[in-house]
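No experiment lies behind these values; they were computed from the predicted model shown.
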Amino acid sequence: MEASSITIIGGDLRQCYAAEYLNARGYKVICCHTPDFPYHSEIRQTDSIAQSLEHPSLVLAPTPLTRDNVHLFQTEIYPSCGLEDLWNSLSADHIIAAHSLPGKYQELLKNIGCQTVIWGNFPLFQKENARLTAEGLLAEVIRCTPFALSCANILLLGYGCCGKEIANTFLPLCQNIYLIEQDTVKINEAESKGISLIRENDFSKLLPQCQIVINTVPASILETSQLTQLHSSCHIFDIASAPFGFPADTTEKCLLPYYRIPGIPGRFSPVNAGRIIGQTIERMTEHAL
């Protein structure tokens, strides 16, 4: 698969820096509904979805694609763009590149005839993005908690790509990291690094000792009744994508500080995050300069 023309739509500053990288690598780049930014003079800008998709191109969708299932995700909402406007402007000549796509959108694009490229699972992206996520999360945890990490026990939910990088970043700074994970290989790897697995029959003993909970899994791992066993000063940080790990009203129900903070690289390191996206797209499309 080759692509020499790329349309970048919506999103945050990651899209802008991805545009700069791809332009420098020889792609013809059009930006539509992206943030206002001092783009290179060779990058064309437009507010019209239809105009940006007049010619065959690879279309780089924002991360996430949408937050309300109605509008394209944009950090600047003027003018806002409805998903229907995007679908109506696409044809079989377009390739859609997205971090992830729910099944209903994949089916819709299949019916249009569009080829899709899901780059969020690409190993290059996952590793580098996880590293940026851990770094940004550290900044948020320090900012939001009233106690030193050196005095804190952390409960980590999930030991996937992000979970591993978070553990590597936090382990030297905190007292202990306890882990909830079901995959045996991941458990063995975590325990070899000094991370303690916590099983359900240990909850009553260990949950009250945790000052910080970090969730990386887009699913409910702890029930509300189990959250009530946490220390009264415990802070919960949820970095998972939708549907997240805890309900939005967790603070009201459990009287615990709850921070839902997806998309950390886009907020804390958009330069690096955008460049990683650009590099991933470049490799996946096998662009020949």
Side-chain angles (χ1 to χ4, degrees), residues 1-23 25-35 43-76 79-126 129 218 241-242 262-263 265-266 273-288:
M1 174 179 53
E2 292 186 4
S4 59
S5 178
I6 293 185
T7 299
I8 297 180
I9 56 174
D12 52 28
L13 285 174
R14 287 174 289 186
Q15 297 285 79
C16 304
Y17 288 109
E20 290 291 335
Y21 174 85
L22 292 166
N23 174 73
R25 297 296 294 167
Y27 291 84
K28 295 179 181 178
V29 178
I30 300 174
C31 287
C32 181
H33 290 267
T34 52
I43 296 176
R44 179 184 158 202
Q45 291 179 263
T46 177
D47 287 332
S48 168
I49 287 287
Q51 287 181 8
S52 70
L53 298 173
E54 285 177 340
H55 306 289
S57 64
L58 183 145
V59 181
L60 178 57
T63 304
L65 174 68
T66 179
R67 284 185 170 167
D68 61 6
N69 292 314
V70 177
H71 299 93
L72 194 73
F73 168 59
Q74 302 163 253
T75 51
E76 298 183 10
S80 61
C81 174
L83 287 179
E84 284 297 323
D85 295 332
L86 174 59
W87 309 142
N88 292 335
S89 300
L90 292 171
S91 71
D93 293 326
H94 296 106
I95 302 168
I96 307 300
H99 176 272
S100 59
L101 280 174
K104 63 178 180 179
Y105 295 135
Q106 292 191 37
E107 187 65 25
L108 187 153
L109 291 168
K110 182 180 179 181
N111 292 335
I112 294 173
C114 290
Q115 183 179 352
T116 57
V117 174
I118 307 300
W119 48 265
N121 296 327
F122 197 65
L124 165 72
F125 171 79
Q126 285 190 329
N129 192 68
S241 55
R275 192 172 298 147
I276 292 166
I277 293 171
Q279 290 171 346
T280 304
I281 295 300
E282 181 182 26
R283 292 195 184 185
M284 293 187 75
T285 57
E286 299 176 351
H287 179 58

Would you confirm whether His33, through its side chain, and Gln74, through its main-chain N or O, come within 3.5 Å as a donor-acceptor pair? no
Quick one: pull up OG1 in Thr75 and CG in Leu13 and give me the separation to the nearest 0.5 Å. 6.5 Å
Name all pairs fulfilling the side-chain hydrogen bond (donor to acceptor under 3.5 Å, both in side chains) condition that reach into residues 116-126, sequence neighbours left out, sorted by first residue then second. none
Within this structure, what is the NZ-CG distance for the pair Lys110 and Leu101, rounded to the nearest 0.5 Å? 14.0 Å
State, without any angle test, whether Tyr21 and Glu282 hold a side-chain donor-acceptor pair at a distance under 3.5 Å. yes
Would you please name every residue forming a side-chain hydrogen bond (donor to acceptor under 3.5 Å, both in side chains) with Thr34, sequence neighbours left out? Tyr39
Is there a side-chain contact between Ile281 and Leu58, using heavy atoms and a 4.5 Å cut-off? yes
Should Ser57 and Ile30 count as side-chain neighbours, where that means a heavy-atom distance under 4.5 Å? no
Would you compute the distance between atom OG1 of Thr7 and atom CD1 of Ile95 and round it to the nearest 0.5 angstrom? 11.0 Å
Is there side-chain contact between Phe73 and Leu65, with heavy atoms separated by less than 4.5 Å? no
Look up atom CG in Leu72 and atom SG in Cys81, then write down how far apart they are to the nearest 0.5 Å. 5.0 Å
Side chains of Cys31 and Gln15 in contact at under 4.5 Å (non-hydrogen atoms): no
So do the side chains of Leu83 and Val70 get within less than 4.5 Å of each other, counting heavy atoms only? no
Test side-chain hydrogen bond (donor to acceptor under 3.5 Å, both in side chains) applied to Asp68 - qualifying residues, sequence neighbours left out: Thr66, His71
Heavy-atom closest contact (Pro265 atom, Asn129 atom, distance): CG-OD1, 3.3 Å
Are side-chain heavy atoms of Pro35 and Cys16 found at a separation under 4.5 Å? yes
Side chain to side chain contact (heavy atoms under 4.5 Å, CB included) between Leu86 and Leu53: does it pass, once the steps are laid out? CA-CA 9 Å; Leu86 174 59; Leu53 298 173; 4.0 Å; yes
Within-4.5 Å side-chain heavy-atom neighbours: Ile277 and Phe125: yes
Sequence neighbours left out, what passes side-chain hydrogen bond (donor to acceptor under 3.5 Å, both in side chains) with Tyr105? Give chain and number order. Asn69
Walk me through it: do Asn111 and Leu109 pass the test side chain to side chain contact (heavy atoms under 4.5 Å, CB included)? CA-CA 5 Å; Asn111 292 335; Leu109 291 168; over 6 Å; no
Under 3.5 Å, is there a donor-acceptor pair between the side chain of Asn88 and the main chain of Glu84? yes
Interatomic distance, CD1@Ile96 vs CG@Leu60, rounded to 0.5 Å, equals 10.0 Å
Spatial distance of atom OG (Ser91) from atom CD1 (Ile112) [nearest 0.5 Å]: 9.0 Å
Of all heavy-atom pairs linking Asp47 and Cys32, the shortest is C-SG, 4.0 Å
When every non-hydrogen atom of Ile49 is compared with those of Ser89, the smallest separation belongs to CG2-OG, 3.5 Å
For Thr280, what residues pass the side-chain hydrogen bond (donor to acceptor under 3.5 Å, both in side chains) criterion, not counting sequence neighbours? none
Within residues 14-23 or reaching into it, pairs that qualify as salt bridge (charged side-chain N to carboxylate O under 4.0 Å, His left out) - sequence neighbours excluded: Asp12-Arg14
